[in-house]
Amino acid sequence: MTLTIICGGFWGDEGKGKILSHLALVDKPSIVARAGVGPNAGHTIFFKGKEYKLRLIPSGFINPDTRLLIGAGVLINTKVLFKEIEDTKSQSKLGIDYQVGIIEDKHIEMDSKNKHLSGKIGSTGSGTGPANMDRAMRSLKIARDIPELQEFLTDVSTEINDALDQGENVLAEGSQATFLSLYHGTYPYVTSKDTTSSAICSDIGVGPKKVDEVIVVMKSFITRVGTGELPGELSEEETIEKGWVEYGAVTGRLRRAAPFNFELAKKAVRINSATQIALTKLDIVYPKIAKSNNVDNLKGEALEFIDTIEAKTRCKVTLIGTGPGTEDIIDLREN
Ligand code: IMP
Ligand code: MG
């Protein structure tokens, strides 16, 4: 039995969706459980020529045998949810915890109209901050109050703990990332709750002693949407020149970019007690590795880069993304 947690290493958009979709196919988890804040996330999966940008449905939907769960700590927007259920055809596989929080129109309105949130903090406008505020006030609606959700309701914590007790594999899908954590991030330019591996456990209702692996996902360069510090930030021209241009999956905003930062990587490994690093988009920085699945193609500067990450963080790089597709990956994990 293995419980593996996937969490973001920097400011989100590290490619968690891509890593999760690979693991969902290869490790054949009986459950992929979505943790994290809510639909402010956008996890991109490129599978069989089709691109999915998912804000709520777990990235493991590409495995037909995997149960998809949304943990109690997560917030949902039912409109976004039903659209994604349709896009991913996951109605029969989905379970939503009774206590998942419900984002209403008033939360979205406040997130986009409130100058502090939309201006200073640069929120995604998805209503998650105001909904978590109401949750703290104990006035937020939860999934069990919503008639359209009744067919999906379940006790996610019990399902996961039972699966682990029966020796099955479970993947926990974190969203956002370490330095967007309300507690450990670049406050106040952060999201509305903790987003580290400990919070991911809490979101889905498992205790820390149940966790076997924590994979922290880091991109080969760093991006950030919204405001707040970004060490080594490049100008827009430099970002374009390097080919590091990306747009936000939820907001469509141009992402700010900076080179990989070893100090932040070390901190992220510690805060999350990472046992492995998944390094994505190595092909964008070192094009020779593009689409490779073979570790023998890792040479020269690309190999030095990985060796330096491992030396500075004292954590193994076990998964290396070499392209956008689920299959574009070098998997160095021991079986
Ligand atoms: P909020 O979580 O929508 O309130 O946004 C707060 C900050 O976190 C803003 O800078 C957002 O751009 C950022 N943020 C929230 N979720 C994500 C994510 O999934 N990826 C990247 N940035 C995010
Ligand atoms: Mg994203």
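Fair warning: this is a prediction, and the values are worked out from it, not measured in the lab.
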Give me the one residue out of Thr128, Asn132, Asp134, Ile76 that meets side-chain contact (heavy atoms from CB on, under 4.5 Å) with Ile103.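 Only one of Thr128, Asn132, Asp134, Ile76 forms a side-chain contact (heavy atoms from CB on, under 4.5 Å) with Ile103, namely Thr128.
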
Apply the side-chain contact (heavy atoms from CB on, under 4.5 Å) test between Ile330 and each candidate in Leu319, Asn297, Ile289, Leu282; give the one that qualifies.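 With Ile330 as partner, Leu319, Asn297, Ile289, Leu282 yield a single side-chain contact (heavy atoms from CB on, under 4.5 Å), made by Ile289.
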
Within a radius of less than 6.0 Å around [atom1] of [X], do more than 12 heavy atoms belonging to other residues, nucleotides or ligands occur?
{"X": "Phe262", "atom1": "CZ", "result": "yes"}
{"X": "Gln150", "atom1": "CD", "result": "yes"}
{"X": "Tyr187", "atom1": "OH", "result": "no"}
{"X": "Glu236", "atom1": "CD", "result": "no"}
{"X": "Arg270", "atom1": "CZ", "result": "no"}
{"X": "Lys316", "atom1": "NZ", "result": "no"}
{"X": "Glu51", "atom1": "CD", "result": "yes"}

Indicate the atoms forming the closest heavy-atom contact of [X] with [Y], along with that distance.
{"X": "Gly36", "Y": "Asp203", "answer": "N-OD2, 2.8 Å"}
{"X": "Ala35", "Y": "Ser175", "answer": "O-OG, 3.9 Å"}
{"X": "Arg253", "Y": "Gly226", "answer": "NH1-CA, 3.7 Å"}

Check against side-chain hydrogen bond (donor to acceptor under 3.5 Å, both in side chains), Asn169 and Lys28: CA-CA 7 Å; Asn169 286 335; Lys28 302 180 174 49; over 6 Å; no

Spacing of [atom1] belonging to [X] relative to [atom2] belonging to [Y], to within rounding of 0.5 Å:
{"X": "Ile277", "Y": "Met218", "atom1": "CD1", "atom2": "CE", "value": "4.5 Å"}
{"X": "His184", "Y": "Lys267", "atom1": "NE2", "atom2": "NZ", "value": "8.5 Å"}
{"X": "Lys83", "Y": "Thr78", "atom1": "NZ", "atom2": "OG1", "value": "14.5 Å"}
{"X": "Arg135", "Y": "Ile142", "atom1": "CZ", "atom2": "CD1", "value": "7.5 Å"}
{"X": "Ser197", "Y": "Ile6", "atom1": "OG", "atom2": "CD1", "value": "11.0 Å"}
{"X": "Ile160", "Y": "Leu171", "atom1": "CD1", "atom2": "CG", "value": "10.5 Å"}

Distance alone, cut at 3.5 Å: any donor-acceptor contact between the side chains of [X] and [Y]?
{"X": "Gln91", "Y": "Glu86", "result": "no"}
{"X": "Asn40", "Y": "Thr124", "result": "no"}
{"X": "Thr191", "Y": "Gln176", "result": "no"}
{"X": "Glu327", "Y": "Asn293", "result": "no"}
{"X": "Glu213", "Y": "Thr4", "result": "no"}
{"X": "Thr2", "Y": "Asp212", "result": "no"}

Judged by atom type as modelled, is there a donor-acceptor pair below 3.5 Å linking the side chain of [X] to the main-chain atoms of [Y]?
{"X": "Asn294", "Y": "Asp296", "result": "yes"}
{"X": "Asn161", "Y": "Gly205", "result": "yes"}
{"X": "Thr195", "Y": "Ala177", "result": "yes"}
{"X": "Thr227", "Y": "Ile121", "result": "yes"}
{"X": "Lys18", "Y": "Gly325", "result": "yes"}
{"X": "Arg67", "Y": "Lys93", "result": "yes"}
{"X": "Glu168", "Y": "Ser30", "result": "no"}
{"X": "Glu238", "Y": "Ser235", "result": "yes"}
{"X": "Lys193", "Y": "Gly73", "result": "yes"}
{"X": "Ser220", "Y": "Val285", "result": "no"}

Determine whether Asp87 and Lys50 satisfy the following criterion, salt bridge (charged side-chain N to carboxylate O under 4.0 Å, His left out), listing intermediate values before the conclusion. CA-CA 11 Å; Asp87 290 348; Lys50 200 170 167 201; over 6 Å; no

So which of Trp244, Phe305, Phe221 actually passes ring pair (Phe, Tyr, Trp, His ring centres under 6.0 Å) with Phe260?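 Answer to the ring pair (Phe, Tyr, Trp, His ring centres under 6.0 Å) test with Phe260 among Trp244, Phe305, Phe221: Phe305.
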
Is the shortest side-chain N to carboxylate O distance from [X] to [Y] below 4.0 Å?
{"X": "Asp97", "Y": "Arg144", "result": "no"}
{"X": "Lys219", "Y": "Glu246", "result": "yes"}
{"X": "Asp283", "Y": "Lys288", "result": "no"}

For Trp11 and Phe179, take the angle between the two ring planes, folded into 0 to 90°, and tell me which bin it lands in: parallel under 30, tilted 30 to 60, perpendicular over 60.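 Tilted: the ring planes of Trp11 and Phe179 meet at 30° to 60°.
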
List, one per line, each side-chain donor-acceptor pair under 3.5 Å for residues 57-65, sequence neighbours excluded.
from, atom 1, to, atom 2, distance (Å)
Ser59, OG, Glu173, OE2, 2.7
Asn63, OD1, Asp65, N, 2.9
Asn63, ND2, Ala24, O, 2.8
Asn63, ND2, Thr66, OG1, 3.4

Measure the shortest side-chain to side-chain distance between Glu104 and Lys141 over non-hydrogen atoms and say whether it is less than 4.5 angstrom.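 Result yes, sub-4.5 Å side-chain heavy-atom pair found.
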
Quick one: hydrophobic cluster around Ile271, which other residues, with the 4.5 Å side-chain cut-off, linked directly or via members?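 Direct or chained contacts put Ile271 with none.
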
Using a 4.5 Å cut-off between side-chain heavy atoms of Ile, Leu, Val, Met, Phe, Trp and Tyr, which other residues end up in the same hydrophobic cluster as Met133?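 Noted: Met133 shares its cluster with Met110.
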
Same cluster for [X] and [Y] if Ile/Leu/Val/Met/Phe/Trp/Tyr side chains link at under 4.5 Å?
{"X": "Ile329", "Y": "Ile284", "value": "no"}
{"X": "Val216", "Y": "Ile306", "value": "yes"}
{"X": "Tyr189", "Y": "Phe10", "value": "no"}
{"X": "Val32", "Y": "Val26", "value": "no"}
{"X": "Leu20", "Y": "Ile215", "value": "yes"}

Show, in sequence, the C-alpha distance, side-chain angles and deciding distance for Thr196 and Asp194, and conclude whether the side-chain hydrogen bond (donor to acceptor under 3.5 Å, both in side chains) test is met. CA-CA 6 Å; Thr196 62; Asp194 185 22; 3.1 Å; yes

Out of Thr154, Asp162, Asp155, which residue meets the side chain to side chain donor-acceptor pair (under 3.5 Å) rule with Thr158?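 The passing option is Asp155.
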
Glu84 vs Arg55, salt bridge (charged side-chain N to carboxylate O under 4.0 Å, His left out): CA-CA, chis, key distance, verdict: CA-CA 8 Å; Glu84 291 186 1; Arg55 297 168 62 185; 5.3 Å; no

Assess the residue pair Thr178 and Asn272 against the criterion (side-chain hydrogen bond (donor to acceptor under 3.5 Å, both in side chains)); give the C-alpha distance rounded to whole Å, side-chain angles, the decisive distance to 0.1 Å, and a yes or no. CA-CA 8 Å; Thr178 307; Asn272 295 295; 3.0 Å; yes

